[in-house]
Amino acid sequence: MENQQQGPRPIRCKAAVCRAAGEPLAVEEIVVDPPKAYEVRIRIVCTSLCHSDLTFWRMKDFPGVFPRIFGHEAFGVVESVGEHAVEFAAGDAVVPTFLGQCSECVDCRSPRSNMCSRYRFAVRPGMPRDGTTRFSDAQGRPLHHFLGVSSLAEYTVVDVNQVVKVNPVMPPPLACLLSCGASTGVGAAWKLAKVEPGSSVAIFGLGAVGLAVAEGARICGASKIIGVDINPDKHELGKKFGVTHFINPKELGEKPVSQVILEMTDGGADYCFECIGLAALMNDAFLSSREGWGKTIILGVEMHGAPLSIPSRQILHGKSVIGSTFGGVKPKQDIPILADKYLNKELELDKFITHEVGIKDINEAFDLLLQGKSVRCTIWMDK
């Protein structure tokens with residue numbers, strides 16, 4: 001497909017294309033252009049669905065742009081590199097990430113931030129540097145990108161700032177998890193909250209990110225990990241991830257969740273994590289945190305755009321609220337560390353994967369997530 005005189009050529013391959021908000025995806029033949037400067041083209045081995053894919057799949061207005069190729073949690077192998085993509089070579093095992101790291105701006109150089117200020121995170125329909133697309137359908141019409149990754153395709157093109165090399169001995173489905181969900185939750189406990197041994201943690205929402213927070217808190221040595229979820233099935237599931245106590249708000253009658261947590265922790269949890277994206281739950285999490293040093297970490301994107309309203313008097317009592325994207329994880333620096341934690345049998349990733357399908361059954365993966373039946377569903381490109 002490639003020789004030294006001509007360089008990389010366009011590739012024809014399969015992709016799951018979404019042509020309208022909320023509609024089933026169709027597996028189509030597409031054309032993937034060669035990588036431009038500071039880009040790499042990746043052969044996707046497997047990908048998995050994240051709730052962010054669902055959120056934007058449903059979205060009719062901007063940034064819900066169609067037709068589009070979704071997917072942003074993936075593992076693959078570099079197929080070809082563009083000019084100046086000097087840190088990568090064909091054959092490298094990599095994960096793409098929705099958040100970039102240029103490693104040169106003031107934010108990337110600081111341990112206090114993981115938000116690159118040279119190439120700011122935004123939900124664009126094209127590539128981050130020039131805004132154009134590398135995808136077209138069989139008729140030559142453009143297809144839009146998603147979060148700069150678009151991994152529901154056999155091949156994709158990603159900016160070098162959004163690609164991380166991983167140890168090639170990592171099993172592909174587990175490397176895939178480090179691309180988004182597992183890193184976000186584990187990172188929130190490890191990097192952002194800096195959960196200490198013996199501390200108490202309350203997690204609101206035991207989806208993939210919430211369970212990853214529990215896993216991170218377990219690794220950090222938290223002694224009490226309280227899971228809050230209205231799905232009773234999450235009680236047993238949570239135990240696998242280190243959850244020691246479970247609260248179903250539907251079973252409390254008139255009693256507020258915060259009061260139950262205050263009683264369970266003798267004054268409030270040291271760390272509260274909101275992993276759903278509801279302002280009311282963010283408030284509950286804040287009220288459940290301890291006076292003096294309680295931290296509330298917001299990981300959920302508020303699904304209705306509602307503002308967060310918390311009692312200002314309680315802020316004066318020493319509580320704090322922290323927001324985060326990607327759990328404070330710096331992709332190029334921290335994902336290899338998390339991979340090593342897995343390989344050293346410290347971080348348990350296998351339990352996140354509950355289902356697997358081939359790309360032809362992509363809509364089944366969407367249904368499983370919509371129905372709350374899967375934590376993570378691996379989607380294999382060659383099946």
Side-chain angles (χ1 to χ4, degrees), residues 110-114 178 181-229 238-247 257-275 281-282 284-300 310 314-330 333-349 351-352:
S110 169
R112 294 177 295 181
S113 173
N114 69 337
L178 297 178
S183 294
T184 299
V186 173
W190 161 52
K191 291 272 302 200
L192 198 66
K194 298 181 172 64
V195 170
E196 308 97 344
S199 55
S200 58
V201 169
I203 303 163
F204 290 73
L206 295 179
V209 171
L211 292 169
V213 170
E215 177 70 4
R218 181 191 68 77
I219 291 170
C220 292
S223 61
K224 189 170 282 185
I225 303 173
I226 303 163
V228 182
D229 204 292
K239 288 179 183 177
K240 296 180 183 176
F241 294 83
V243 173
T244 58
H245 299 72
F246 182 76
I247 299 172
V257 170
S258 57
Q259 187 182 335
V260 177
I261 292 174
L262 292 175
E263 291 169 2
M264 289 172 74
T265 55
D266 193 23
D270 301 316
Y271 303 98
C272 292
F273 297 83
E274 200 279 347
C275 305
L281 281 184
M282 296 173 191
D284 283 345
F286 178 76
L287 294 174
S288 304
S289 66
R290 187 174 195 85
E291 287 190 359
W293 63 65
K295 286 183 180 176
T296 300
I297 295 92
I298 308 292
L299 297 175
I310 53 177
Q314 292 209 14
I315 288 276
L316 297 176
H317 292 178
K319 296 183 175 192
S320 62
V321 178
I322 309 170
S324 126
T325 297
F326 205 27
V329 164
K330 285 181 179 287
Q333 169 190 307
D334 295 327
I335 287 176
I337 294 172
L338 289 172
D340 285 343
K341 284 181 185 291
Y342 167 77
L343 293 170
N344 295 334
K345 297 186 167 42
E346 189 182 345
L347 171 62
E348 298 171 8
L349 292 173
K351 57 197 177 187
F352 284 92

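Position 1 is the first residue of the sequence; numbering continues from there.
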Pair Ser258, Asp284: side-chain N/O donor-acceptor within cut-off below 3.5 Å: no
Test item: Ser289 side-chain N/O and Phe286 main-chain N/O as donor-acceptor pair under 3.5 Å: yes
Nearest atoms (heavy-atom pairs only) where Ser200 meets Gly268: OG-O, 4.0 Å
For Ala214, all residues meeting side chain to side chain contact (heavy atoms under 4.5 Å, CB included), sequence neighbours excluded: Ile203, Ile225, Phe241, Val243
Asp270 side chain to Val195 backbone, donor-acceptor under 3.5 Å: no
Residues which pass ring-ring contact (aromatic ring centres under 6.0 Å, His included) with Tyr342, listed by chain and number, not counting sequence neighbours: none
Residues forming a side-chain hydrogen bond (donor to acceptor under 3.5 Å, both in side chains) with Ser288, sequence neighbours excluded: none
Ile261 backbone acceptor or donor facing Thr265 side chain under 3.5 Å: yes
Gap separating the CG atom of Leu316 from the CD atom of Glu291, nearest 0.5 angstrom: 10.5 Å
By side-chain hydrogen bond (donor to acceptor under 3.5 Å, both in side chains) - contacts of Arg218 (at least two apart): Glu215
Main-chain N/O of Ser110 paired to Lys330 side chain as donor or acceptor, under 3.5 Å: yes
More than 12 heavy atoms from other groups under 6.0 Å of NZ on Lys240: no
side-chain hydrogen bond (donor to acceptor under 3.5 Å, both in side chains) against Asp334, all qualifying residues, sequence neighbours excluded: Lys191
Pairwise distance CG(Asp340) to CD1(Ile335) - rounded to 0.5 angstrom: 12.5 Å
Gln259: side-chain hydrogen bond (donor to acceptor under 3.5 Å, both in side chains) partners, not counting sequence neighbours: Glu263
Backbone N/O of Gly198 and side chain of Ser223: donor-acceptor pair under 3.5 Å: yes
Any donor-acceptor N/O pair, Arg290 side chain to Asp266 backbone, under 3.5 Å: yes
Check: Phe204 and Ile247 side chains under 4.5 Å, non-hydrogen atoms: no
